[in-house]
Structure formats: structure tokens, C-alpha cells
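One-based numbering, in listed order, for ligands and for the atoms of each.
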Amino acid sequence: MVIFIFAIKKIFNMANELLKGKRGIIFGALNDMSIAWKVAERAHEEGAEFVLTNAPIAMRMGEINNLAEKTNSQIIPADATSVEDLTNLFTKSQEILGGKIDFVLHSIGMSPNVRKKKHYTGLNYEWYKQTLDVSAMSLHKTLQVAKEMDAINEWGSVVALTYIAAQRIFPDYNDMADAKSLLESITRSFGYHYGSDKKVRVNTISQSPTITTAGSGVSGFDKFLSYSENMSPLGNAGSIDCANYCISMFSDLTKYVTMQNLFHDGGFSATGVTTAVMDKFGE
Ligand code: NAI
């Protein structure tokens, strides 16, 4: 029987209970294209129990209810810029899940300047502050609230999603590039303190461009997706594979990885040029 179940799992590429017994909080599942949605599905398959959260305004779309039903999880609305909401989130999550948290996915990004098509050299500064608050400072707030409440178990793992525009200029990424730089810096700085004090690890995963609601908001996204595909030896990494990487980062298989920015991009970040791109310039 055991061999039979193992064979079935192998055939259908099913779960290995990598997160069995672990409790999590997953931010940012808006619809079934969201990277966080895939992470929730995979975490459920791997035996985790978790709470889903998103900004109250995003709840209005209602799609998250389908995910909650499918993964047998509860939803706690929280604006990730509000310390009060985050405190409530960590308090209720521990009550619902019956103990401290083992993993957190920060999958949050939003820029009013991108949405309203402001050029990087003509930013609205109130919106710029919102970009930084929602997309980066929210990670600091999440970590600070969790640490002050001592809400995350030793060897717990926090992963935030980022993009290579933190290191290199991608003009249409606009002020989100600055937010991602800050996000990665917070990851290193907080990762140091949380690691030394409580053995909690903090990392970012730098993902290939992916078709989602946030991704498609960047102008010229389709052309860019194709450029990136041609510039990556393995091609663009998809959202399910990103979810798999997140699962490995939440698992005990990566216990000593912390304060890192981890590229999940098919090799894009280490590539100068590819023959596929060179060929487009002719002989
Ligand atoms: P998405 O649009 O599905 O997810 C973004 C989420 O942020 C949404 O669920 C939205 O409701 C949430 N959010 C916005 N403001 C919030 C607030 N104040 N409080 C709480 N949640 C809030 O798009 P996607 O692509 O799944 O984005 C997830 C993460 O992945 C983001 O950090 C994004 O920058 C990052 N990423 C995306 C890439 C892409 O090409 N799609 C590439 C690399 C990184």
C-alpha cells in the first residue's frame, strides 16, 4: 500500500508533506493568477495550515473565498501598512492555528504612480510614499509586529517577493524599483536582528516577470515578458515554480538560508546576452 501511494505521488507529482505541522500567514492572493494563490495551493498540498490575508479593499472581489474553501483556511483582512491591522492579524492567526507561526509570505506590491502613469522623473511624492509604504515598509511593519509579539517560532521563515529592478534599471518599473531596493535592504537588516535574537530567517525571492494583476500593470509588459524569456537560458520562471521555491524556503530543508536575495529567474540575472537575442540583430 505504501509503495502504491508513493508511486501515485510520483506519477502525479504530488506533495511530500514538506510543511506538515507548520502554521503560516499568506499575504497577497487576489485572484488565481496571483503568485500568492499558487503558494497557498502548494502549501496546502504540503500539509501546512495557514491564514490568508489581503487588504480589505481587495476582499471586495471575493475570489479569495474560493481559495479559502479549497485550502480549508480562514481569511483575516489586513492593510499591510497598518500596524493595528497587523497586530490583529498575528493575534487572530495564532488563535485560529493554535500556536506560533512558522512561515509568512509577503506578496504585496502597489504603486499609485505606476497605476496613474506618472513618469519616474515626474513622480507625485504622496503617491511615492504610498508605493514605499505598501510595497516595502509593510515588510518591516510585519516583522516588527511579529517580533514584538514573539509570534514566530525559532527557525521560522519569512519570504518576500521582489524583482531585479532593485539592482538594475528597468525604466517602466518606475518607483517600484526603489520600493524593491528598500524591501531587499529591510530583508538583510531585519534578517540580522531577527536571526540573532530569535533564529527567524528572512529572505527575498527575485522572480521572473509573471502575468498577474500587479505584473500586467507595468507598461509594455508583454514585450518585456518576451525579452526576458529570450534573455534567460531556462526561459522565464512561472508562478507555480515560484510557489515551489517558496515552499522549499518555508521548509526545514533551507534552515540556514537567511538575509538573501534569491534569484528565481531562469538565469536572467547572470546573463549578459544570449544567442536568441543576438540573432535578432542579424548577421
Ligand atoms: P497580485 O496583484 O496578484 O498581488 C499583489 C497583491 O498585493 C494583491 O493581492 C493586492 O491586493 C496586495 N496589496 C496591495 N496593497 C496592499 C495592502 N495595502 N495591504 C495588503 N495587501 C496589499 O500580483 P503578483 O504578481 O502576484 O504580486 C505579488 C508580488 O510578487 C509583489 O510583491 C510583486 O511585486 C512581486 N513580483 C511580481 C512579478 C510579476 O511579474 N508579476 C515579478 C517579480 C516580483
_T212 contact mode with ligand 1 (heavy-atom cut-off under 4.0 Å)_ = side chain

Is it true that [X] and [Y] have a side-chain N and a carboxylate O under 4.0 angstrom from each other?
X	Y	result
K92	E95	no
D252	K22	yes
K70	E41	yes
D133	K141	yes

*Should L89 and F27 count as side-chain neighbours, where that means a heavy-atom distance under 4.5 Å?*
yes

*Hey, are the side chains of I76 and N88 touching, using non-hydrogen atoms and a 4.5 Å cut-off?*
yes

What do you reckon, does [X] have a nitrogen or oxygen under 3.5 Å from a nitrogen or oxygen of ligand 1?
X	value
K180	yes
D79	yes
G28	yes
S34	yes
Q207	no
T210	yes
M33	no

Is the shortest distance from a heavy atom of [X] to ligand 1 less than 4.0 Å?
X	answer
W37	no
A160	no
S206	no

_Shortest non-hydrogen contact from A237 toward S208_ = N-OG, 2.9 Å

